[in-house]
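Encoded as structure tokens, the structure appears first; notes follow it.
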Amino acid sequence: MRYELVIFDNDGVLVDSEPISNRLLAAYLTELGHPTSYEDSIRDYMGSAMHRIHDLVLERTGERLPADFDDVFHRRVFDAFERELRPVAGAVDVLGKLAADEVPYCVASSGSHERIRVGHRTTGLDRWFDDARIFSSQDVGKGKPAPDLFLFAAERMGVEPARCVVVEDSPLGVEAAVAAGMDVYGFTAMTPAAKLAGATQLFSDMGELAGLLA
């Protein structure tokens with residue numbers, strides 16, 4: 001292994017949550033008078049922290065989202081997770097291989113700590129991630145595409161940025177990893193490869209990842 005730390009994004013990389021959350025986000029924004037399709041949501045918000053949704057809606061419409069927007073949205077998402085959420089195919093095998101080879105890894109997500117933990121508990125991925133391996137944009141206040149979250153995770157894990165590799169599926173995440181001075185492997189299962197062009201390496205099947213990192 002040529003890296004000393006593997007940093008995973010969460011949504012769309014470890015848990016197959018992007019179709020669920022973007023469907024619900026598009027519906028909720030539309031309900032509030034901001035017509036948004038599923039494709040719009042994927043394009044504009046996939047991989048971003050909640051503050052980006054507020055910022056973009058305010059910038060585009062001059063209107064603020066309701067004060068309880070985050071709470072209502074997360075309640076809807078968590079209810080759907082309980083019914084529908086699954087691990088990304090191949091994710092468990094990758095985590096098992098890293099653990100067996102004693103390669104340090106963690107998750108650094110734009111989602112809240114609660115969202116990360118609900119998703120992991122629902123899918124059984126919580127067995128692979130104790131609290132010391134979980135980092136959220138809540139920890140730094142400024143989400144992707146800023147590099148802050150990845151740099152914070154590396155610092156807490158005790159690894160220099162240049163020795164880290166990030167596994168991402170969103171353009172915002174790739175941008176953040178590059179800005180952090182880290183290699184980044186772009187997962188193209190949901191995102192067109194052209195949109196992850198800044199990545200060090202592209203791959204479309206999570207089952208390939210362990211071999212690519214070796």
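Positions are given from 1, in the same order as the sequence printed here.
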I'd like to know if [X] pairs up with [Y] as an ion pair, taking the criterion as any Lys NZ or Arg NE/NH1/NH2 lying under 4.0 Å from an Asp or Glu carboxylate oxygen.
X      : Y      : result
Arg121 : Glu114 : no
Arg52  : Glu59  : no
Asp101 : Lys97  : yes
Asp183 : Arg163 : no

For Ser17, the side chain to side chain donor-acceptor pair (under 3.5 Å) test, sequence neighbours excluded, returns Asp11
Apart from Ile42 itself, its cluster of hydrophobic side chains linked below 4.5 Å comprises Tyr38, Met46, Met190
Apart from Leu58 itself, its cluster of hydrophobic side chains linked below 4.5 Å comprises none
Hey, quick one: are [X] and [Y] part of the same hydrophobic cluster, counting side-chain heavy atoms closer than 4.5 Å, chains of contacts allowed?
X      : Y      : answer
Met50  : Val107 : yes
Val103 : Tyr3   : yes
Leu14  : Val118 : yes

If only side-chain N and O atoms count, and only distance matters, is there a donor-acceptor pair under 3.5 Å linking [Y] with [X]?
X      : Y      : answer
Asn22  : Ser41  : yes
Ser136 : Arg115 : no
Asp131 : His113 : no

I need the [X] [atom1] to [Y] [atom2] distance, nearest 0.5 Å.
X      : Y      : atom1 : atom2 : value
Ile20  : Arg86  : CD1   : CZ    : 8.5 Å
Asp79  : Leu24  : CG    : CG    : 9.5 Å
Thr191 : Leu202 : OG1   : CG    : 10.5 Å

| request: Using the six-membered ring wherever Trp is involved, compare the ring planes of Phe73 and Tyr28 and label them parallel, tilted or perpendicular (cut-offs 30° and 60°). | output: parallel
So Gln201 and Val184, do their side chains get closer than 4.5 Å, heavy atoms only? no
Side-chain donor-acceptor contacts of residues 143-158 below 3.5 Å, not counting sequence neighbours, with atom names and distances?
| unit_1 | atom_1 | unit_2 | atom_2 | d |
| --- | --- | --- | --- | --- |
| Lys144 | NZ | Asp9 | OD1 | 3.0 |
| Lys144 | NZ | Ala108 | O | 3.3 |
| Lys144 | NZ | Glu168 | OE2 | 2.6 |

Residues passing the ring-ring contact (aromatic ring centres under 6.0 Å, His included) test with Tyr185, sequence neighbours excluded, are none
Residues 79-112 vs ring-ring contact (aromatic ring centres under 6.0 Å, His included), sequence neighbours excluded, gives Tyr105-Phe129
